[in-house]
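Just so we're on the same page: letters track the sequence lines, and every chain starts at 1.
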Amino acid sequence: MSRLPIALIAWFLIAVPAIAQDAAELLREADAFRLPDASVRVVTNVRLLRNGALDKERTYAVYVKPGRKSLVISRHPSEQGQKILMLDERFWIILPGSRLPVRITPMQKLLGEAATGDVASMTWSDGYTGKIAGKETVNGVPCIHLTLAAQDAGVSYQRVELYVAEQGHWPVRADLYVISGKLAKQALFTLGDVDGRRRVNAMTLVDAIQPQRKTEVQYQSFTNMDIPDKVYNPAYLARTDLGDW
Amino acid sequence: MRTLLLAALIAVWALAVQAGPLDVRYRALPEYDEENRESPFFLPDSFHSSPERQLRHELELHAQEGGWNLTATASALNQEHGSPQYDRVLNELFLDTRVFEQDVTLGKKVLSWGVGLGFRPLDVIQREPRLDRFMTSPEGVPLLAWQHFDASTEWTIVYANPLRGKDNDPRLDESGAGRMFLTLGNLDLQGVVRFNERNRYEAGAGFARVIGDAWQVHGEALYLNRYERQINPLAGQAGPLLARIDPIATETGDTGLQALLGVTNSYAGGITWSLEIWYDDEAYTAGEWADLIDLIRRQRALLGKPGVPRNAVLGNVGFSSVYFDSRNLVRENAFVRVSYTGERWEPALEGLFTPTDGGWAATARLSYQGDRFRFQARLRRFGGAEGSAYRALPTTGSLLLSLEWSFG
């Protein structure tokens, strides 16, 4: 009888870190299907659908650097010059027709057209800690269910229920929950060949609050590039020579 | 000559970038101003050129390739009375590039540094209309700028309006300026200094801080070693009521201050509200407005008196209207804005109050953003206590619409 507590403690000491480590490793593997390790420029097409009909279409150039640094530049004529900079959970925007970068709150980033935030956030392992919650089959794919908790209080989605394929560990579905605990969106991922690699080449976001709204995000190209740190300086948003490097 | 120069610049630019992506916009801007016949400053049509109704057509060209940028506008203005007026503006033509591993800018560019919504003292080089974007495209200033960036710091040195000296338009004054910007977690800081003949030197600092998910606090202050205002010396004096020539004189003040403090809060439902208070030494005091309005009333009382020409009286009234050109009419201001941000629609209500004289300006805005069509409406109303600057405006309000189509 006296050996049982010792065995339990030993199990906790050995098995729990191993499970946590597995979750972290699974997250990194799932991230690798969305974004390579290096700094990259992702050309992204976003189609907003309402009741199945195309409501809006936008193209963005997203410059992503490890360490949760993202710069989203709109390529649409009506949003010419619009840039959104995200460093962790800090945000700046330069609006079309302006050369004045403005500091905005996480809440302001979510107002209006929120798809840019979903476009720019391409990894989980940087901002979330995960634990394995079980196994489930999602859309016919046997999956490992991970529950992710945000490390930072300012993150758009405080909790993510992520399902990665048992075979290959690619992301299949993510349920995105806001701070109130309400399910905000459901993200469904599609694998495809991008630049000769199996990667997530599309993400469909279904709005849980307004189910008639759907956002299709297509990752058109990934270009590895050395992005200088200064590009992620908010003051640099007013410059226009981003294509030079 | 200016047209030829503009055309030549566009041609040079087009050749330089080998016809990069172009964006053309057409904008129609109908405007209606309601006359304030109760205003002491109100003048009959024959004495001023501001029509009640006008329609402006604007054709704007935007192009960008690498660091090259061009924005040029051609416009036609149809007024209620009078013949159409045509104009063209080279809003921006500049190159952002690197020279010897340094970031430099050369050309005509909009350069804006302030953090406020309703007033931005730190816009020492360029004032950018933050609330009236798309109603009018700002015109930059010729400049040469050197910038150094790292991940969190920016240093800028600017030489603006080279070789112009002191211009009639303060925006075009030759000046040298510098800025240091620093972002530290949830706090952005900046320091600004500017040297020119008009102000000798100005120095200021600003900040923007995000608190939690939804709050942002911002502030800025600028010390002016010297500043200028347009003053009617007849106001507040017991001397003659009428001047034979334009009496408006430039008054130079020592050690001025401009300062603003503001807060913004947003809700998940889409509502954002902002509150700002500011002070501007370049503006007029409530007492100066009272003196001016008293002068105008006494001048008007001369109408119909024997030996006093009507034109002399109304001309004097017209001279004093220059007070309304001040960036802020009154020194002390409070501003509140409430807006709703939807996917395409953004309505907003704004109120500007001048507590020392009891004046106010209320603005309702509505904007719609389509794929290639943008609509904006701005409805304004002025009022306040008897003798306040906003109540004395020669218009009681205005309605301005902007309908814009993009082709690109």
Side-chain angles (χ1 to χ4, degrees), chain A residues 48 50 54-58 67 69 75-81 87-92 95-115 153-156 178-180 182 184 213 228-236 238-245, chain B residues 23 62 64-69 94-98 103 105 109-115 128 130 133-134 137-138 147 149-154 156 181 183 185-186 188 208-210 212-216 218 264-268 270 272 341-343 346 369-374 406-408:
Chain A
L48 297 168
R50 191 184 293 274
L54 180 64
D55 187 39
K56 199 189 281 188
E57 186 167 8
R58 295 285 183 268
K69 297 177 179 174
R75 295 296 188 214
H76 194 270
S78 69
E79 293 175 355
Q80 198 74 41
L87 305 178
D88 298 323
E89 289 307 311
R90 297 177 287 145
F91 308 97
W92 292 262
L95 292 163
S98 172
R99 301 219 178 273
L100 178 67
V102 177
R103 179 105 198 212
I104 58 172
T105 63
M107 189 65 75
Q108 281 175 298
K109 193 233 359 177
L110 287 174
L111 303 182
E113 180 46 71
V155 176
S156 305
V178 288
I179 196 164
S180 64
K182 197 180 284 183
R213 292 185 52 194
D229 282 340
K230 68 177 183 181
V231 170
Y232 298 96
N233 183 324
Y236 200 83
R239 289 190 68 82
T240 58
D241 52 350
L242 287 166
D244 285 356
W245 37 269
Chain B
D23 173 31
H62 294 260
Q64 185 184 345
E65 180 69 31
W68 283 97
N69 292 266
F94 67 90
L95 174 65
D96 280 338
T97 189
R98 286 178 66 74
D103 289 301
T105 298
K109 184 179 183 181
V110 173
L111 193 65
S112 181
W113 290 336
V115 296
E128 192 183 298
R130 192 164 156 193
R133 284 181 317 114
F134 309 123
S137 286
Q147 290 182 293
F149 297 90
D150 61 25
S152 59
T153 313
E154 173 224 359
T156 296
F181 169 87
T183 179
N186 286 324
D188 290 352
R209 180 178 174 79
V210 169
D213 280 357
W215 291 87
Q216 190 250 38
H218 55 271
T264 295
N265 182 232
S266 304
Y267 297 90
T272 298
T341 307
E343 277 185 46
E346 183 171 341
Q369 176 65 65
D371 258 8
R372 295 197 174 263
F373 172 70
R374 176 183 287 133
S406 297
F407 313 92

Name the region of [X], side chain, backbone, both or neither, that has any atom closer than 4.5 Å to a heavy atom of chain A.
X        : result
B:Thr156 : neither
B:Asp103 : both
B:Gln147 : side chain

Give me the atom names and distance for the closest heavy-atom approach of [X] to [Y].
X        : Y        : result
A:Ala235 : B:Phe149 : C-CE2, 3.8 Å
B:Gly212 : A:Pro106 : O-CD, 3.9 Å
A:Ile104 : B:Val210 : O-CG2, 3.9 Å
B:Thr183 : A:Pro234 : CG2-CD, 4.0 Å
A:Trp92  : B:Asp188 : NE1-OD2, 2.6 Å
B:Glu343 : A:Lys56  : O-NZ, 3.6 Å

remark   = One should read off an interatomic distance between A:Gln108 CD and B:Asn265 CG, to the nearest 0.5 angstrom, of 9.0 Å
Between CG on residue A:Asp229 and CG on residue B:Asp150, distance to nearest 0.5 Å =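 Between atom CG of A:Asp229 and atom CG of B:Asp150 there are 8.5 Å.
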request  = Select one option (side chain, backbone, both, neither) describing which atoms of A:Arg50 are under 4.5 Å from chain B's heavy atoms.
outcome  = side chain
inquiry  = Need one label for A:Asp88: side chain, backbone, both or neither, based on atoms under 4.5 Å from any heavy atom in chain B.
reply    =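 The answer is neither part of A:Asp88.
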request  = Would you confirm whether A:Arg90, through its side chain, and B:Gly185, through its main-chain N or O, come within 3.5 Å as a donor-acceptor pair?
outcome  =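 Yes, because the side chain of A:Arg90 sits within donor-acceptor range (under 3.5 Å) of the backbone of B:Gly185.
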key: Stepwise side-chain contact (heavy atoms from CB on, under 4.5 Å) test for A:His76 and B:Asp371   = CA-CA 8 Å; A:His76 194 270; B:Asp371 258 8; 4.3 Å; yes
query = Under 4.0 Å between a Lys/Arg side-chain N and an Asp/Glu carboxylate O for B:Glu154 and A:Arg239?
reply =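 Answer for the salt bridge query: no.
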Max heavy-atom pair count under 4.5 Å with chain A, selected residue of B:Gly370, B:Ala151, B:Gly114, B:Ser152 = B:Ala151
query = So A:Thr240 and B:Glu65, side-chain contact (heavy atoms from CB on, under 4.5 Å) or not? Walk me through it.
reply = CA-CA 9 Å; A:Thr240 58; B:Glu65 180 69 31; over 6 Å; no
query = Below 4.5 Å, heavy atoms only, C-beta onward: do A:Arg103 and B:Asn186 meet side chain to side chain?
reply = yes
